[in-house]
Protein chains: 2
Amino acid sequence: MNDIETVSIDKIIENLIYLHPLLSKSLTRSIRAKTNLNPGSLYILGMLSKNEILSMSEIGCKLSIPKPHVTGQVDKLIAEEMVERLFDPHDRRIINIRMTEKGMEDFKIIKQDISKDMRERIEKLDKQKLDVLFDSTQQVRDILSEIMTDSHSPLTSCNKNQ
Amino acid sequence: MNDIETVSIDKIIENLIYLHPLLSKSLTRSIRAKTNLNPGSLYILGMLSKNEILSMSEIGCKLSIPKPHVTGQVDKLIAEEMVERLFDPHDRRIINIRMTEKGMEDFKIIKQDISKDMRERIEKLDKQKLDVLFDSTQQVRDILSEIMTDSHSPLTSCNKNQ
DNA sequence: ATTAATAGTTATACTTTTGTAACCATTATT
DNA sequence: AATAATGGTTACAAAAGTATAACTATTAAT
């Protein structure tokens, strides 16, 4: 790793640190204002929309949520009938979670609702900046999703008490 | 706003929603583990490193933090001697905040500390992906910083009781 | 001069998030 | 068969963020 790359990494991290509160406030605020769900359970929905079936542990692993917290969040989603438990025939300890049809429909609407404020801001951008934002968020997402979740590494990294 | 642009906006928002928990867990966890500060006060430092001087209200405005909360967070930073109060000669109601030398040095070290875990992951990327991540985080940051903070709009949008 | 508005603080209550320890049921190991 | 490890739950405590009302000091408006 040479000097130029080290400087790049510093800058990347600085960008991410700066970016986070901007996203955080906007998202959590509108999630709370416009849905009955809390941010955490919504992120589980997001993860389930990318991975059709996940066990409780896998959810905790991918989102870095301690296991007891996963139980609570999923309970809320089940109460709303947005996800369902599937019992694993091969290992009766495992409980798999999958979105229901209702969950997918609701999630779609929720995403539109919570994005309303942000949408109004984004709509003011000119075509060129819109394209840039589109491409760059996609790239950040792809790369971070690759390195930040632990799903690509052996299960051992997720076997802690979380 | 045509259909293609609408679809782009949907996708951008989906990307940001997905991105958020990935950043959130990693950052807040290491902030707690490696500093005496809480995430909120660190975000204030981040904002002050981009805007040399900000009043209490402007801080709350830019980070969407209610005013009483700003007081508490800044108090913590002052206790650590990382920021200082400057009294405005033109309007004695206003208290401006600026990072101290110590604050800048500490902040630099803190950033390195909390980025350690993330750095290890980013370092595994090949040169090409590193460059892409560098450019795209920069672009997301520039554009979001433009539209997500209220600093570009008339003060009226920040004069609520926050 | 009086009133209204602004900047910031104090105090309080509340919700959300986070962390941890102990526990049960099931499966794997020896 | 006994023990250890895993997946998940329950329960509780601590930390952080959020919201609101009431207050002081200062400035602006009439």
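Proteins get letters first, then strands, A, B, ... in listed order; numbering begins at 1 in each.
- Residues B:His90 and B:Asp88 share a closest heavy-atom pair of N-OD1, 2.8 Å.
- Of all heavy-atom pairs spanning A:Thr71 and A:Met56, the tightest one is CA-CE, 3.6 Å.
- For D:dT10, neither phosphate oxygen OP1 nor OP2 lies less than 4.0 angstrom from any side-chain nitrogen or oxygen of A:Thr71.
- One atom, CD1 of B:Ile44, and another, C1' of C:dG8, lie 14 Å apart when rounded to the nearest Å.
- Here the C1' atom of nucleotide D:dA16 and the CG atom of B:Leu63 are 15 Å apart, to the nearest Å.
- For the residue pair A:Glu58/A:Asn96, the side-chain donor-acceptor check at 3.5 Å is not satisfied.
- Of all the heavy atoms in A:Leu133 and B:Val140, the pair that sits closest is CD1-CA, 4.2 Å.
- With side-chain heavy atoms closer than 4.5 Å counting as contact, directly or through intermediates, the hydrophobic cluster containing B:Ile53 also holds B:Leu86.
- Within the structure, salt bridge (Lys or Arg N to Asp or Glu O under 4.0 Å) pairs that include any residue of residues 73-83 of chain A comprise A:Asp75-A:Arg85 (at least two apart or interchain).
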What donor-acceptor contacts under 3.5 angstrom involve side-chain atoms of residues 21-28 of chain B, with partners at least two apart or in another chain?
| from | atom 1 | to | atom 2 | distance (Å) |
| --- | --- | --- | --- | --- |
| B:Thr28 | OG1 | B:Ser24 | O | 2.9 |

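- Under the ring-ring contact (aromatic ring centres under 6.0 Å, His included) criterion, B:His20 pairs with A:His20, A:Tyr43, not counting sequence neighbours.
- Distance CD (A:Glu58) to C1' (D:dT6): 13 Å, rounded to an integer number of Å.
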Mind listing the N/O atom pairs, protein and nucleotides 15-19 of chain C, below 3.5 Å?
| from | atom 1 | to | atom 2 | distance (Å) |
| --- | --- | --- | --- | --- |
| C:dT17 | OP2 | A:Asn38 | ND2 | 3.0 |
| C:dT18 | OP2 | B:Lys25 | NZ | 2.6 |
| C:dG19 | OP2 | B:Arg29 | NH2 | 3.4 |

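- B:Ile122 and B:Val132 end up in the same hydrophobic cluster when Ile, Leu, Val, Met, Phe, Trp and Tyr side chains are linked at under 4.5 Å.
- For the segment residues 79-95 of chain B, residues with any heavy atom less than 4.0 angstrom from an atom of DNA chain C are, sorted by number, B:Arg85, B:Arg93, B:Ile94, B:Ile95.
- Rounded to a whole Å, the NZ atom of A:Lys67 is 11 Å from the C1' atom of D:dA5.
- Atom-to-atom, CG of B:Asn96 to P of C:dG8 comes out at 8 Å; the value is rounded to the nearest Å.
- Per the geometry, CE belonging to B:Met56 stands 8 Å off C1' belonging to C:dT9, to the nearest Å.
- The distance from atom CD1 of A:Ile65 to atom P of D:dG7 is 17 Å, rounded to the nearest whole Å.
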